[in-house]
Amino acid sequence: MRYAMAIDTKRCVGCSDCVVACQTENKVPIGFCRDWIVETTTGTYPQLQMEIRSERCNHCTDAPCVRACPTKASHYGAGGIVTVDHEECIGCKACIASCPYDARYVHPEGYVDKCTFCIHRVEQGEHPACVAVCPTHAMTFGDMDDRMSDIFKLVSRRKWKTLIPEAGTRPNIYYLI
Amino acid sequence: MSKPVSRRDFIRLAGLGAAGLTVASPFFDWKHGEILARDTMPGLYTKRTPTYCEVCFWMCAGWVHHNEDGEIWKITGNEDDPHCNGRFCPRGTGGVGMYYDEDRLKTPLIRTEERGKQVFREASWDEAYTYIAEKMNLIKEKWGPECMALFTHGSGGHYLGNLLRAFGSNNIAAPSYAQCRGPREVGFIGTFGEGIDSPERTDIRDTKCLVLIGSHIGENMHNGQVQEFSDAVDKGATIITVDPRFSIAAGKSKFWLPIKPATDMALLLAWIHVLIYDELYDQKYVEKYAYGFDELKAHVKTFTPEWAYGITTIHPHIIRETAREMANASPSVIVHPGRHVTWYGDDTQRERAIAILNALLGSWGRRGGFYNPAKPSVPTHPHPPYPKPKRDWRYAFPDKYKLAGLALASGLCDATVPGVSRDCNVRGWIVNGTNLIQTLPDQKNTLAAIQALELIVVIDTMPMEITGYADVILPECTYLERYDDLRISAHREGSIALRVPAAEKKYNTKSAWEMARELGMKLGLADYFPFKTQEAELDWQLKEMGLSLDEMRKIGVKKFPRPADDLYPLEGLPDYEFYTNTGKIELYATQFEAEGYPALPTYTAHEEPPYGFYRLIYGRAPMHTFSRTGNNPNLFDLMEENVVWVNPKVAKEWGLRNDQPVWLENQDGVISSSSIKVRVTERIRFDSVYMVHGFGHTNAKLSRAYGRGASDSELITRVHIDPEMGGTGMRGNFVTFRLEGAPEVQS
Amino acid sequence: MVEELITSGRLTPEVDPILHIWGWEIPLYLFLGGFAAGILFFSALFTLQNKENRYPMAVKILPFAVPVLLAIGLGALFLDLSHKFYFWQLYTNIRWESPMSWGAWTLLLVTPLSIVWAASWLEEAFPKFDLRYNWLKEILSDLKPYRKHMAWALIILAVILGMYTGILLSAFNARPFWNSAIMGPLFLTSGLSTAAASVTLLTRNQEERSDFTKIDLLLIAIELFFIIHMFMGFLASTQVHVQAAELFLGGKFTVPFWVWVVGIGLTIPAILEILELRKHHVPIFVSAVLVIAGSVMLRFIVVEAGQASRWLY
Ligand SMILES: Nc1nc2c(c(=O)[nH]1)N[C@H]1C(S)=C(S)[C@@H](COP(=O)(O)OP(=O)(O)OC[C@H]3O[C@@H](n4cnc5c(=O)[nH]c(N)nc54)[C@H](O)[C@@H]3O)O[C@H]1N2
Ligand SMILES: Nc1nc2c(c(=O)[nH]1)N[C@H]1C(S)=C(S)[C@@H](COP(=O)(O)OP(=O)(O)OC[C@H]3O[C@@H](n4cnc5c(=O)[nH]c(N)nc54)[C@H](O)[C@@H]3O)O[C@H]1N2
Ligand code: SF4
Ligand code: SF4
Ligand code: SF4
Ligand code: SF4
Ligand code: SF4
Ligand SMILES: [Mo]
């Protein structure tokens, strides 16, 4: 099983609903976030292109944050997701420094926090909060090892990219382009 | 087109709908590796209560979820709701912040110093009601009950409207007409005999070509519409966006037409010209349903794409190509009427041109065009007849705005300003859920009206600009703490939605229902308020429909299947009678002609920015609603302030850098009271600057929003009034940059 | 024009707009670790070479500073932890892939060993010091025969510790400026140079001073070589590395780095040392202090600059 997310940059309007939903669902303190929006415009008026991405931890298959962690607090969990065990985290921030995507932050309570793929919901058969809320259905979550899954089909059918492939992290978030 | 459903049908249909509800969706289907939607999950949600969202006027129905301690935790959409399909927008999701905002109004307040100075004392509810009732009675005695007016926007309006009508006044207005979609309704009624209404009857989901004139869907976050928009994008519909700014929608469009602002009419006329003279229009449809084609044809003869090029800066071949795209998709094409359309004063006529385009493309009443909404009818409690007012707001505007279908908020404001020759000015205002200072253009005029009042009562949840001018502030509890009027909505399927309190009232606040009733009692209008509790009233209403409050509590939304298969009534070109004078689609508007307005739309040139000035255009940010969410802690976190978009060429000329604070000064010398940061971006034309409406709060009690960004409203001092319906065109203002210091300090 | 706009709470404290998770604590920790490693290295090396009497300061006296330096360094590390009361979790895991982990373990080994090491020199280093307790004296004299063993262990641990202070950073692929193989050797050299400089500063033995001045000169030369090599490496690498290097070649770290570290921390002391070796009259402490200060600056600037460098996408 390999959990993954496909995020459709064509459908996404950059509304940041996924951010608010994550904040309320996961009680992310105000002023912090586990996901965020990047809106890139290129070109010169009036020849412009725009790409909008909802970003979060890529749950890298080869995660530098896991390697950097001195305590195993950052580890691979069910379905390959990368999670942080708060009780094991000492707050050394090595994982933050090691993440090319800046996906982590120090929670005011001291431990390091980031996207969990809402595993608490997934275990209960629910979509992650951001996926469930997205008004444009830009996000698809599921098991990439299952050839019948929506996400597998979508990623097989569409053109996609991952972020900073040259960092060698092998992300599990696919941006459909 | 939509036929009212008879009561008996209704109950039967209601029963059917309830049966459908027991089909709940199951768990994770691991075999297919797919998580199916489910909205309850033991352990994840301890308790939930139904509501519909009040953060904007799309009114999505949803669920409020509580945490282990029973406190409000989060809000999600109701799967059965056609407005949201189970998904809220960022503002709705962040609605929890409305409840938790510690800056809220917490108790009734009575003014102790002059208006505009924020000096109030706390008062008891009874004291506040007594104060208001005395003043209202005084106004009634001295000038007549018609001299009371109600400005209202939001769900409490129905109850306060009942109060005002019972008191003897019909002067009830919402800013969503003359400051928003009024021209659209008038333009479409003048053409098709019916308006567009809210939610818009646009069948975006199934369209093959969507033309957006300004309409910035995606930033304009009206939920269902955004959902359908991205469906359409995904399905490969051609999107054509006409906007001086590279909007989010433009970013998803096959064609972005960066039009010179204020010239849309020329483009529309040129499109009409091409459709007609290149014979691209839906000839059968037009022949069957349209009235005045020949007049139209003659009228647009000279409005060629070449002519429009000089005006709009859009190349003739692009105009032709886009016209062909529309025709190819016809009838599954929507030239979107927009929503906030009070731009340049000729807005009703521009909307007429849009309506005509749609008629030529045969999209009205067809799949992928404009559908026919169904609306359930919901009984209201019987009450004694309202006293007949001797006059209403129209009286103040003889021979003007004759096509206005609803009262004008700006009109009521004008009718308050003394010195105009009329026998009675408005003397008392109740302002509910509208921040008139930020909402109406020409603030000086609004303030002049306010200073002339005998009484101004403001009902709000937050300390806002308008509350600073109130004599009495009545704090309403947030929508998460109250029952409300049923949401009755017209859609592909009609539905109703229930709002119940998700939490005890946090402060000494009341709902509009309670205020209307209690004030009504004080005014001796008890007969108009037959129910002791709102629950009893809702239960009565629902029982009349064969439902009950308890049942609705469990489902939140009740849908009513269409009584007849007439979602697309003009599919297959049946005989059909429109609600117009001629019974036809009026390309040539006889109603307009009868009232002395042009029956066919014409281009009029609008003033252009003087040297060194730029047209001030404005719009929405997806995570905020007007001025109401600026202080919402959750949404503030996403966007703290607005910025002014400046083209790099302009920035270079002025030496402006990103994030540099500037002050804006308009053509009348009005300078923004706070600074605004520059955003240098290719996404805007060089003759305009853009900012999101709703920022630059001047009420210091807003601990987060105060002084953040600048207010577009402040700079809109020149208003171009729509002659047909009194809409306030707000985009004829020009600003220049001031690089330093706020010269006048405002309190 | 390319415009990248990040919305939505993405002003995360300590992450945006540039990473600044590490303030003064980590660079101080790295400096002290490197310094301690340098001292231990020389002390152990010259013990093995039986030069303890030729270099009394380096071999016998300076090691007494090591436990103190390490304690302060560990204290700084501890202060930096944001979830302090879980500190012990460092020592319930061994994570070879994590420089943070093996650094912690190395310190755990080095610190007690350095105490024992220093203690074994107590009698010789401070002959006037009276231990009072006989049993302690006995233990200390029992240690002496094991010095060579300890020295071997210390040399290895010192190199690991010294390299580690650089590798901790260079292991972060995500921060292009840190991500250079030179970082470990550079920090090791810098640590050795600091130790050498402090010997020249403190010793009263003329021979020791001039030998260590030569050593230091050599180390400075190596450092300069590494630095130039590092930048050439960056400039020959991917765009992100070029951008990282540009922080120092016209970017905001240009002056602090080239003036303070390379100029005042390396070149000027080198010149002074050359002058001194040629028997010109220069105040000896100046070059040593500059070397030490330059070495502190190096850690601070590298830690800061690495956080400011990022991948582009
Ligand atoms: N997030 C969010 N969504 C909202 C609201 C909100 O407050 N927040 N409010 C809701 C309400 S009540 C309304 S009425 C709607 C309004 O939303 P719309 O009906 O979409 O409003 P417009 O005024 O059409 O949109 C503003 C756009 O018009 C462009 N524009 C400016 N001048 C011109 C011009 O001369 N010609 C053309 N073609 N374009 C021009 C601007 O660049 C901008 O992109 O939004 C609704 N949705
Ligand atoms: N300059 C400029 N003016 C505009 C527009 C623009 O884009 N630019 N847009 C126009 C359009 S399209 C529209 S629809 C109007 C909208 O105009 P308004 O509806 O007036 O918009 P808001 O500024 O959101 O003001 C809403 C007020 O309601 C209060 N409120 C929120 N919730 C509640 C509640 O539950 N109960 C009560 N009693 N009060 C509540 C808020 O605190 C706030 O004071 O503005 C129009 N005016
Ligand atoms: S909620 Fe969906 S549409 Fe909105 S920003 Fe997130 S991914 Fe994009
Ligand atoms: S994105 Fe960052 S935090 Fe997430 S797994 Fe990859 S390296 Fe770790
Ligand atoms: S901060 Fe916590 S999770 Fe991150 S590396 Fe250190 S111990 Fe591991
Ligand atoms: S999967 Fe869950 S934790 Fe991750 S960004 Fe989405 S909502 Fe947040
Ligand atoms: S569109 Fe958003 S803000 Fe408006 S009612 Fe729906 S959820 Fe609420
Ligand atoms: Mo509106």
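So that the names make sense, note that chain A is the first sequence line, chain B the second, and so on, each numbered from 1.
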Of the backbone (N, CA, C, O) and the side chain (C-beta and beyond), which part of B:N85 lies under 4.5 Å from a heavy atom of chain A, both, or neither?
-> neither

Answer yes or no: are there more than 12 heavy-atom neighbours, outside B:K235 itself, under 6.0 Å from its atom NZ?
-> yes

How far does CD of A:E25 sit from OG1 of B:T76, to the nearest 0.5 angstrom?
-> 9.5 Å

Heavy atoms of B:F246 and A:L48 approach each other most closely as CZ-O, 3.6 Å

Contact leader toward chain A among B:V233, B:D231, B:V96, B:V226, where contacts are heavy-atom pairs under 4.5 Å | B:D231

Heavy-atom side-chain contact between A:T24 and B:I75 under 4.5 Å | no

Indicate yes or no: at least one non-hydrogen side-chain atom of A:K27 is less than 4.5 angstrom from one of B:W73.
-> yes

Can A:Q47 and B:E682 be said to form a side chain to side chain contact (heavy atoms under 4.5 Å, CB included), step by step?
-> CA-CA 9 Å; A:Q47 242 66 56; B:E682 299 281 357; over 6 Å; no

Sort B:I684 into side chain, backbone, both or neither according to what part of it lies under 4.5 angstrom from a heavy atom of chain A.
-> backbone

Where on B:N223 is there a heavy atom nearer than 4.5 Å to chain A: the side chain, the backbone, both, or neither?
-> side chain

Heavy-atom closest pair, residues A:V13 and B:I248 | O-CG2, 3.6 Å

Please report the C-alpha distance between A:V20 and B:M623 in whole Å, then the side-chain angles of each, then the deciding distance to 0.1 Å, and finally whether the side chain to side chain contact (heavy atoms under 4.5 Å, CB included) criterion is met.
-> CA-CA 9 Å; A:V20 205; B:M623 62 293 274; over 6 Å; no

Option that, when pairs with chain B are counted at under 4.5 Å, heavy atom only, ranks first among A:A138, A:C18, A:A132 | A:A132

Heavy-atom closest pair, residues A:T41 and B:R683 | OG1-CD, 3.5 Å

Short N-O contact, B:R91 and A:D17, less than 4.0 angstrom | no

Measuring from A:T44:OG1 to B:K649:NZ, what's the distance to the nearest 0.5 Å?
-> 8.5 Å

When rounded to the nearest 0.5 angstrom, what is the spacing between CG in A:D8 and CG in B:D234?
-> 5.5 Å

Output the distance between atom SG (A:C15) and atom CD (B:E219), rounded to the nearest 0.5 Å.
-> 11.0 Å

Check: A:T136 and B:F229 side chains under 4.5 Å, non-hydrogen atoms | no

Is it the side chain or the backbone of B:S247 that comes within 4.5 Å of chain A heavy atoms, both, or neither?
-> backbone

Hey, mind stepping through A:Q23 and B:D637 against side chain to side chain contact (heavy atoms under 4.5 Å, CB included) and telling me if it holds?
-> CA-CA 10 Å; A:Q23 285 175 325; B:D637 197 29; 3.0 Å; yes

Might you point out which heavy atoms bring B:S230 and A:R11 nearest each other, and give the distance in Å?
-> OG-NH2, 3.4 Å

Exercise: identify the closest heavy-atom pair between B:K252 and A:T9 = NZ-O, 3.2 Å

Which bit of B:F686 is near chain A, if near means a heavy-atom gap under 4.5 Å: side chain, backbone, both or neither?
-> side chain

Considering all heavy atoms, the nearest B:F88-A:P135 contact | O-CG, 4.0 Å

